[in-house]
Amino acid sequence: VQLQASGGGLVQPGGSLTLSCAASRSIFRINDVAWYRQAPGKQRELVAAITSAGTTMYEDSAKGRFTISKDNAKNTVYLQMNNLKPEDTAVYYCAADAMWEEILRGTADYWGQGTQVTVSS
């Protein structure tokens, strides 16, 4: 299975971006999916996740600003990011795994290649 992350770019503070994670096969019905990010010099962190059943969770700084969703028919998971801040600048990765614990640990089986998000004026 391959995951393809896209949608990153340069945006001004307060702006919005939508990231997409497309899978090469229909796996999101039975796998949990997450978006992680890694800023330069920092550890990778879990930003948002969605279970196969559609339950969502968010890291504290993402609550109220980011929304994770999925379209099983299109094999795609999205991360809508609003009111972006400079501290959101990072490479964003999507990942999928059948086990929620692996998502929480950051040790998922399937990973996308990452997409750069830069928030700057």
Side-chain angles (χ1 to χ4, degrees):
V1 175
Q2 292 184 333
L3 301 182
Q4 180 76 35
S6 62
L10 173 64
V11 63
Q12 292 186 343
S16 298
L17 280 176
T18 300
L19 306 183
S20 298
C21 177
S24 58
R25 293 197 281 118
S26 178
I27 65 168
F28 295 147
R29 287 185 175 87
I30 58 172
N31 279 264
D32 304 324
V33 186
W35 286 96
Y36 303 82
R37 66 187 178 190
Q38 187 166 22
K42 295 187 177 181
Q43 288 190 331
R44 186 177 62 203
E45 63 175 350
L46 175 62
V47 177
I50 185 167
T51 68
S52 57
T55 301
T56 59
M57 65 86 72
Y58 299 91
E59 183 263 338
D60 285 346
S61 71
K63 290 178 181 177
R65 300 188 300 127
F66 294 3
T67 302
I68 188 170
S69 62
K70 64 174 181 171
D71 186 332
N72 288 334
K74 294 183 178 179
N75 301 330
T76 303
V77 172
Y78 304 96
L79 184 68
Q80 172 70 41
M81 305 186 293
N82 298 323
N83 190 22
L84 283 161
K85 304 175 181 180
E87 51 264 42
D88 295 316
T89 295
V91 178
Y92 283 70
Y93 300 88
C94 60
D97 199 283
M99 301 293 292
W100 183 246
E101 291 77 9
E102 302 297 334
I103 291 289
L104 295 178
R105 294 190 191 114
T107 54
D109 282 342
Y110 311 113
W111 288 84
Q113 82 288 4
T115 185
Q116 176 71 47
V117 172
T118 302
V119 184
S120 174
S121 56

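Both backbone and side-chain heavy atoms feed into the values below; hydrogens, waters and symmetry mates do not. Quick note: residue numbers are just sequence positions, from 1.
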Is there a donor-acceptor pair closer than 3.5 Å between any side-chain N or O of [X] and the backbone N or O of [Y]?
X     : Y     : answer
Asp88 : Leu84 : no
Lys70 : Ser52 : yes
Thr51 : Asp32 : no

Answer with yes or no whether the hydrophobic clustering places [X] together with [Y]; edges join I, L, V, M, F, W, Y residues whose side-chain heavy atoms lie under 4.5 Å apart.
X      : Y     : answer
Tyr36  : Leu19 : no
Trp100 : Leu46 : yes
Val77  : Val1  : yes
Ile103 : Trp35 : no
Phe66  : Tyr78 : no

### Task
Could you please spell out the steps behind the side chain to side chain donor-acceptor pair (under 3.5 Å) verdict for Thr18 and Gln80?
CA-CA 4 Å; Thr18 300; Gln80 172 70 41; 2.4 Å; yes

#### Entry: side-chain contact (heavy atoms from CB on, under 4.5 Å) between Val119 and Glu87, worked out
CA-CA 8 Å; Val119 184; Glu87 51 264 42; over 6 Å; no

Please find the pair of heavy atoms, one from [X] and one from [Y], that lie closest to each other, and give the distance.
X      : Y      : value
Leu3   : Gln113 : O-OE1, 3.7 Å
Gly8   : Thr115 : N-OG1, 3.0 Å
Arg65  : Asn83  : NH1-O, 3.0 Å
Ala39  : Ala90  : N-CB, 3.8 Å
Ser120 : Pro13  : C-CD, 3.6 Å
Ala96  : Phe28  : CB-CE2, 4.2 Å

### Task
Using the test salt bridge (charged side-chain N to carboxylate O under 4.0 Å, His left out), find all partners of Arg105 that sit at least two apart in sequence or belong to another chain.
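Listed in chain order: Glu102.
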
### Summary
With sequence neighbours left out, the residues meeting salt bridge (charged side-chain N to carboxylate O under 4.0 Å, His left out) with Arg44 are none

### Query
Looking at side-chain heavy atoms only, is the closest gap between Asn31 and Asp109 below 4.5 Å?
no

## Note on the structure
Sequence neighbours excluded, the answer for side-chain contact (heavy atoms from CB on, under 4.5 Å) partners of Lys63 is Tyr58, Asp60

#### Entry: Gln43, CD: over 12 other non-hydrogen atoms inside 6.0 angstrom
no

### Neighbour count above 12 (heavy atom, 6.0 Å) for Gln2 CD
no

[atom1]/[X] to [atom2]/[Y] distance, rounded to the nearest 0.5 angstrom?
X     : Y      : atom1 : atom2 : answer
Ser61 : Arg37  : OG    : CZ    : 4.5 Å
Ser24 : Tyr110 : OG    : OH    : 9.0 Å
Gln4  : Asn75  : CD    : CG    : 13.5 Å

#### Entry: Flag for Asn82-Ser16: side-chain donor and acceptor within less than 3.5 Å
yes

### Message
Ring-plane angle category for Tyr93 and Trp111, please: parallel below 30°, perpendicular beyond 60°, tilted otherwise.
### Response
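Perpendicular, since the angle between the ring planes exceeds 60°.
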
